[in-house]
Amino acid sequence: STFYERYHTLEDIYDWTNRTFQDNPSKITVILIGSSYEKRPLYALKLSINNRPNKKAIWIDCGIHAREWISPAFCLWFVHHSLSFYGQNQEITNILNNMDVYILPVMNPDGYLYTWTTNRMWRKNRSVKKTSPCIGVDLNRNFDANWCTEGASSEPCSEIYCGAFPESEPEAQAVANFLREHKDSVQLYLTIHSYSQMLLFPYSCTLDEAENHKELLEMAKEAAQKIRRHYRSQYRYGAGAKTIYLAPGGSDDWVYNLGIKYSFTFELQDRGHYGFLLPPSEISKACNEALIAVKTIALKVLEKT
Ligand SMILES: Nc1ncc(C[C@H](C[SeH])C(=O)O)cc1Cl
Ligand SMILES: [Zn+2]
Ligand SMILES: [Zn+2]
Ligand SMILES: [Zn+2]
């Protein structure tokens, strides 16, 4: 439907969340995992097709960075595709028969709203610090992974401000708490960003290699190859520090160190032509590419366990 080929306001996404639950009460549950700095709810959808005992799970968060609008669009796209094609598409059927999926469409609702009302290029959350006129923490520098070392800034006015301390921000704390509670069932962590068309995995916070580096590289490579074959788009892939930049405090690194060994950051379309301002006409291609990557990686995780 064309609903999924448009960007949606925060209000629309809350309404969509509710409607999706109402329309699929046996497959969807809505979980309040916390609230934002400005007290907006952080709702995650749990997609669970059957109640097979001790099923494993996938976690997908979107919208950690406010201006990266293609990210929440993908979370909605993923839920829609899963519900529409379960039982028809062999890959999604296989994944959902064996795994539950937690989807957090907007991890940074205050920032997302701000990009609709005030500043389209906003990145951070909207937390206020008494001792500074500047607002916001980069939520992807606020996790406890080499926190606030090189690649982040302790300056509140910086776009990569790490916050007062690890998990100082309620949005980061909500996700970290949920994953700490569910680390034994969540096997695959995906966090969706834009832009630059990359499939990244730990570490970004250090140049050291992750202990399952070869495995992660193989999975990312296979996903990038499938995207190229189906959509002729080039996605670069590799460990974050070498592939994009050295940066500490990211969610993927923290989740990895928590023990969830399959952890990826997707940077979706494009490569800079439109950048964060990817037009709605490009949403379907961008989301279908991301979908291929999610399916490829999820199926490989299934094979391994
Ligand atoms: N662990 C990480 N993984 C990926 C990235 C890249 C994103 C791209 Se917008 C960022 O800069 O926050 C950054 C970090 Cl700190
Ligand atoms: Zn549709
Ligand atoms: Zn980002
Ligand atoms: Zn980015």
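Just follow the structure's listing: the first ligand is 1, and inside any ligand the first atom is 1.
Tyr86 and Asn97 share a side-chain donor-acceptor pair at under 3.5 Å. No hydrogens or angles considered: a donor-acceptor pair under 3.5 Å links the side chains of Ser127 and Glu169.
Aromatic ring centroids of His8 and Phe3 lie under 6.0 Å apart.
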Check the pair Glu267 / Tyr235 against side-chain hydrogen bond (donor to acceptor under 3.5 Å, both in side chains), numbers first and verdict last.
-> CA-CA 9 Å; Glu267 284 265 73; Tyr235 278 66; over 6 Å; no
Dump the intermediate steps for side-chain contact (heavy atoms from CB on, under 4.5 Å) on Met219 and Val301, then the final yes or no.
-> CA-CA 9 Å; Met219 296 164 95; Val301 169; 3.5 Å; yes
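The number of heavy atoms from other shown groups lying within 6.0 Å of CG (Asp23) is above 12.
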Show me a pair-per-line table, with atom names and distances to 0.1 Å, of protein N or O atoms that are under 3.5 Å from an N or O of ligand 1.
unit_1	atom_1	unit_2	atom_2	d
ligand 1	1 (N)	Asp252	OD1	2.6
ligand 1	3 (N)	Ser204	OG	3.3
ligand 1	3 (N)	Asp252	OD1	3.4
ligand 1	3 (N)	Asp252	OD2	3.1
ligand 1	11 (O)	Arg123	NH2	3.3
ligand 1	11 (O)	Arg141	NH2	2.9
ligand 1	11 (O)	Tyr245	OH	2.6
ligand 1	12 (O)	Arg123	NH2	3.3
ligand 1	12 (O)	Asn140	ND2	2.7
ligand 1	12 (O)	Arg141	NH1	2.8

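Met107 and Tyr37 end up in different hydrophobic clusters when Ile, Leu, Val, Met, Phe, Trp and Tyr side chains are linked at under 4.5 Å.
Within the structure, every pair that satisfies the salt bridge (charged side-chain N to carboxylate O under 4.0 Å, His left out) test and touches residues 171-181, not counting sequence neighbours, is listed here: Glu167-Arg180.
Residue-and-atom listing of protein N/O/S atoms under 2.8 Å from the Zn ion (ligand 3), sorted by chain and number: His65 ND1, Glu68 OE1, Glu68 OE2, His193 ND1.
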Please tabulate, one pair per line, all N/O donor-acceptor pairs under 3.5 Å involving side-chain atoms of residues 39-47, not counting sequence neighbours.
unit_1	atom_1	unit_2	atom_2	d
Arg40	NH1	Glu38	OE1	2.6
Arg40	NH1	Asp110	OD1	2.9

